[in-house]
Every structure is written in structure tokens, then in C-alpha cells.
Amino acid sequence: MNHKKQKNNASSIWEEYNQQKAEEACEYIIELMKCALNNLPMKEKSEDCNWSVIYKLISKNNIQGLTYYAVEKIKDRVPEVIMKKWKQYRDAVIYKKLMREEERNIIMYDLSKEGISFLPLKGCNIDIYYPELGMRDMADNDILYGKIGPGKQGEYCVLGRTEDERKQTVRETQKILLSYMQNRGYKTSGECEKDDVCEKDDIYNFEMHRDLMDLELDLYEYYKNPWKRAIPDEGSEYLYHFSKEDEYIFMIAHEYKHYSGRGCGIRYLADIYMFLQKEQQLDWEYICEELEKMKIREFEEQMRRLSVDALRPEGILTEEEKKSIYAMCGYGTFGHSRTALQRQIKGMTKGNQSLKKAKIKYYLLRFLPPDEFYKRRYPFFYKHRLLRPILSVYRTTKGVLFHSKHLKKEMKDVLETK
């Protein structure tokens with residue numbers, strides 16, 4: 001996801017408003033979502049529940065389009081200025097969706113002539129499960145791409161007989177894609193290890209994936225061959241899809257990536273709820289087995305239960321579930337880097353480790369990361385341990401020269417961790 005769109009600090013809503021007002025707003029937002037998704041009549045909000053707080057939290061979670069279909073029923077009770085913003089946003093979601101779909105089809109068709117295959121991901125697929133056009137907003141279109149063919153065991157994989165040949169294929173394919181997108185007027189960034197970000201006119205945002213998970217994540221091994229579970233679209237030579245089971249598994253894995261790191265917002269609950277409302281013939285034995293391989297089966301069960309209790313017409317949230325809702329509302333759609341950093345430091349305080357020592361350990365690991373970091377990102381330095389300080393000095397110097405603002409913010413977040 002394009003995280004730069006999430007500018008606000010994950011906890012700013014709790015710092016700006018008192019806790020009771022923020023929590024009341026969160027609970028009313030759940031009512032708005034429930035009403036919109038199930039076409040229910042709207043309930044009155046309490047007098048203390050402020051529309052400006054509600055709209056700010058809704059914007060933070062990118063669910064203006066979804067909740068619009070609920071507030072439209074009571075628009076005479078919503079401040080005119082806020083209602084106007086709400087409608088404009090919903091209309092923009094519909095416009096961008098239609099424009100991006102047309103552009104996506106052109107891009108995939110043109111590049112298919114170069115032998116490139118595509119598998120649309122996440123928001124490209126999930127919005128069809130929502131009952132109304134414009135309910136599901138997307139910051140960008142996520143698409144897996146590559147030159148692929150059948151592997152030794154029958155599953156699809158990137159072309160090449162060896163790992164080096166497959167890496168070469170990926171580099172060549174990336175070069176073709178970026179050249180095409182630049183000629184089409186896109187600003188491109190190929191710096192990310194797993195995807196290429198292509199943007200144009202504040203409307204067209206495509207995240208073109210070479211991999212499905214970042215190298216340092218535990219989930220990477222499961223998706224090491226991103227095409228392993230791909231199924232060809234009927235009647236197409238270049239379009240692929242996941243089975244409904246694998247689509248759901250990837251949805252959960254992607255949510256877990258955000259939730260366990262930066263945190264994630266309540267829109268994910270709507271995605272899970274609507275997917276399971278429409279897909280009621282899933283092979284749950286297979287799903288559970290695959291989730292268990294990634295050690296996220298318990299997480300899926302918790303999120304599934306939370307989505308049902310929050311959004312089903314007769315659903316009732318427990319006090320513990322309400323706390324989860326409050327936290328997710330505060331994180332916003334894509335969470336925040338400070339959340340991930342503080343969780344990492346607090347995770348180092350287990351046992352007798354003090355917070356001060358955990359912070360020192362954090363800095364040391366940033367300068368000299370563990371073996372797994374080198375193994376996945378810098379294989380050369382993984383094999384040549386004595387040369388690792390050279391890489392550390394290079395990375396530190398690069399950070400100071402080109403990313404000084406980020407480093408200052410990181411240091412501030414470390415100091416503020418309690």
C-alpha cells in the first residue's frame with residue numbers, strides 16, 4: 001500500500017480529543033458501517049458524539065465512501081459542510097474506480113504483448129463484494145506481474161532454470177514495465193524490494209508487485225514463489241487469479257502484516273465481513289491448514305469473530321472487542337511507523353530487560369542487523385561476515401545524507417517510547 005497517504009500519527013485522535021468522545025465516535029462509526037453494509041435504518045447518535053470527530057476518524061480509516069450510504073439517510077442531521085465533503089469523496093471514489101479500471105485493462109493488454117502476465121490483488125478484487133458502487137476506496141491498484149511458465153511441480157513460477165536466471169528475468173521484466181509506464185506519463189519508483197510504484201495525475205496509482213511479501217517478514221517464505229497458487233483466467237493468455245480460498249488467505253496475511261507491524265484500521269473488518277457474506281462455500285479445512293503454516297490461524301479467527309460481532313445486524317461487541325475497535329480506529333487504514341517501532345522495542349523488554357537497555361539494543365540492531373537480514377537482503381554480506389561493518393557504515397551514511405528527516409523522527413519515536 002501507498003503509506004504516504006497516511007500522514008497523521010496513529011494515536012493523534014486520542015491526543016486531540018478526550019477519550020470518551022473518541023470512543024463514542026468509534027462506536028457510532030461501527031453503526032454507520034453496519035447500516036451501510038446491511039441496508040439498515042440509522043440509529044440516533046448521542047448528543048455528545050461530535051460529527052467533526054466522527055468524520056476525522058472515518059477519513060483516517062478511508063471509509064468515507066462506505067459510510068456515506070448510511071449518513072445519506074440522515075443527511076438533514078449532519079452539518080452541511082461535512083455532508084458536502086462526504087458526497088464529494090464518495091463521487092471521487094466512483095470516478096477514480098472507473099478511470100483506473102479502464103487504465104488497468106489498457107496497461108495489462110499492452111504489456112501482455114511483451115509476454116508479461118498479471119494477477120490483480122486486494123482492492124482490485126474486494127470491491128465487487130460490496131453492495132454499492134463507491135463503498136470500497138482504494139489508494140492504489142495492486143497487481144502481481146511477471147514473465148511466467150509452469151515449474152517442475154506444475155505450479156507457475158518466473159521463467160528460468162536456476163535462481164539466478166529467474167532473478168535476471170525479474171530484472172528484465174521490471175525494465176520493460178518501468179519504461180512502458182514512464183512513456184505513458186507515469187512517475188515511477190523501482191526502489192522497493194517487492195514492487196514498483198507508478199503514479200500519474202493524482203488518480204492513477206498502480207503498485208506493480210514482483211513479490212507479495214517483504215523479504216524480512218516471516219510470511220515471505222509462504223509467498224516466496226508468488227505465482228505458486230495462480231490459476232489462469234478462462235479465455236485469457238495473460239490474466240491469472242487466486243482461488244477464493246487463496247484470495248481470502250492472502251487478504252488475512254496482508255492484514256496481519258499491517259496489524260502486527262504498523263497497525264491497521266477498521267476497513268479490514270468490512271473486507272472480511274463482505275467477503276465471507278458472499279463466499280459461503282469455502283474449503284475451511286484447506287484455509288485453516290494454510291493459515292497454520294504461517295502461524296496466523298488464531299489471528300484470522302479473532303478478526304473473523306470481530307468483523308461478525310461488529311458488522312452483523314444482530315452482532316454485539318464485547319468490552320474486549322470494543323478496545324480492539326478503538327485501537328484500530330486510532331491506527332487508521334495503514335497504521336503508523338511509530339506503532340511498529342514501539343512494538344519492536346517493547347518486545348525486547350521481555351524477561352528482565354529494561355526499557356533503556358531495549359532502546360540501546362534497538363540502535364545496535366539497526367546498525368548491525370541479525371543474520372537473517374543479510375541472508376534475505378544482502379546475500380554477499382551474509383557469506384562474508386567480516387565485511388558487514390562496511391555495509392553498516394554505508395547504510396548509516398546514506399541515511400544521514402538522504403533521509404535525515406526520517407532518522408530524526410525515528411530517534412524521537414524511540415525516545416518517546418514508554
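Hydrogens, waters and symmetry mates are skipped; everything else that's a heavy atom, side chains included, is used.
Applying the side-chain hydrogen bond (donor to acceptor under 3.5 Å, both in side chains) test to every pair with at least one member in residues 143-157, sequence neighbours left out, gives these pairs: Y145-D196. Under the salt bridge (charged side-chain N to carboxylate O under 4.0 Å, His left out) criterion, the residue pairs touching residues 378-388 are D371-R385, D371-R388, with sequence neighbours excluded. Pairs of residues two or more places apart, or lying in two chains, that qualify as side-chain hydrogen bond (donor to acceptor under 3.5 Å, both in side chains) and include a residue from residues 108-117 are D110-Y180.
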Review point. Yes or no on salt bridge (Lys or Arg N to Asp or Glu O under 4.0 Å) for D218 and K295, after CA distance, side-chain angles and deciding distance?
Key: CA-CA 9 Å; D218 293 337; K295 297 181 175 59; over 6 Å; no
Exercise for review: Could you walk me through whether K75 and E72 pass the salt bridge (Lys or Arg N to Asp or Glu O under 4.0 Å) test, one step at a time?
Suggested key: CA-CA 5 Å; K75 58 186 176 184; E72 187 184 30; 5.3 Å; no
Point to revise | Derivation of the side-chain contact (heavy atoms from CB on, under 4.5 Å) call for E290 and Y248 | key: CA-CA 11 Å; E290 298 305 296; Y248 180 69; over 6 Å; no
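A ring-centre distance under 6.0 Å is not found for Y68 and Y89.
Taking the side-chain hydrogen bond (donor to acceptor under 3.5 Å, both in side chains) definition, one finds that R184 meets it with E103, sequence neighbours left out. Qualifying side-chain contact (heavy atoms from CB on, under 4.5 Å) partners for E320, counting only residues two or more places apart in sequence or in other chains: T318, K323. Under the side-chain hydrogen bond (donor to acceptor under 3.5 Å, both in side chains) criterion, N105 pairs with no residue, sequence neighbours left out. Under the side-chain contact (heavy atoms from CB on, under 4.5 Å) criterion, P389 pairs with no residue at all, not counting sequence neighbours. Not counting sequence neighbours, the partners of R166 by the salt bridge (charged side-chain N to carboxylate O under 4.0 Å, His left out) test are E163. Taking R161 as the reference, E165 meet the side-chain contact (heavy atoms from CB on, under 4.5 Å) condition, with sequence neighbours excluded. For D309, the side-chain hydrogen bond (donor to acceptor under 3.5 Å, both in side chains) test picks out no residue, with sequence neighbours left out. With sequence neighbours left out, K398 forms a side-chain contact (heavy atoms from CB on, under 4.5 Å) with Y394, F402.
Counted by atom type alone, Y273 and N38 present one or more donor-acceptor pairs between their side chains at under 3.5 Å. Residues Q174 and R171 bring no donor and acceptor atom of their side chains to less than 3.5 Å of each other. For the 3.5 Å distance criterion, the side chains of N141 and R100 fail to qualify, holding no donor opposite an acceptor. A donor-acceptor contact closer than 3.5 angstrom is absent between the side chains of Y69 and N39.
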Using atom types as modelled, flag every donor-acceptor pair under 3.5 Å from a side chain in residues 27-37 to any protein atom, sequence neighbours excluded.
{"from": "E27", "atom 1": "OE2", "to": "Y326", "atom 2": "OH", "distance (Å)": "2.4"}
{"from": "Y28", "atom 1": "OH", "to": "K43", "atom 2": "O", "distance (Å)": "3.1"}
{"from": "K34", "atom 1": "NZ", "to": "G315", "atom 2": "O", "distance (Å)": "3.3"}

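In plain terms, the two heavy atoms of L306 and S324 that are nearest each other are CD2-CB, 4.1 Å. Taking each heavy atom of R229 and F242 in turn, the nearest pair found is O-CD2, 3.6 Å. Residues H258 and C264 share a closest heavy-atom pair of CB-CB, 3.8 Å. In terms of heavy-atom proximity, C329 sits nearest to N61 at O-ND2, 3.2 Å.
Y268 OH to H254 NE2: the interatomic distance, rounded to the nearest 0.5 Å, is 4.5 Å.
M181 places a side-chain heavy atom less than 4.5 Å from the side chain of F206. Counting heavy atoms from C-beta outward, L212 and L219 have side chains that stay 4.5 Å or more apart. Side-chain contact between Y95 and I203 is present, with heavy atoms from C-beta onward closer than 4.5 Å.
Using a 4.0 Å cut-off between a side-chain N of Lys or Arg and a carboxylate O of Asp or Glu, E301 and R297 qualify as a salt bridge. Using a cutoff of 4.0 Å between basic side-chain nitrogens and carboxylate oxygens, D271 and R136 are scored as salt-bridged.
Judged purely by atom type and a 3.5 angstrom limit, D137 has no side-chain atom pairing as donor or acceptor with the backbone of N62.
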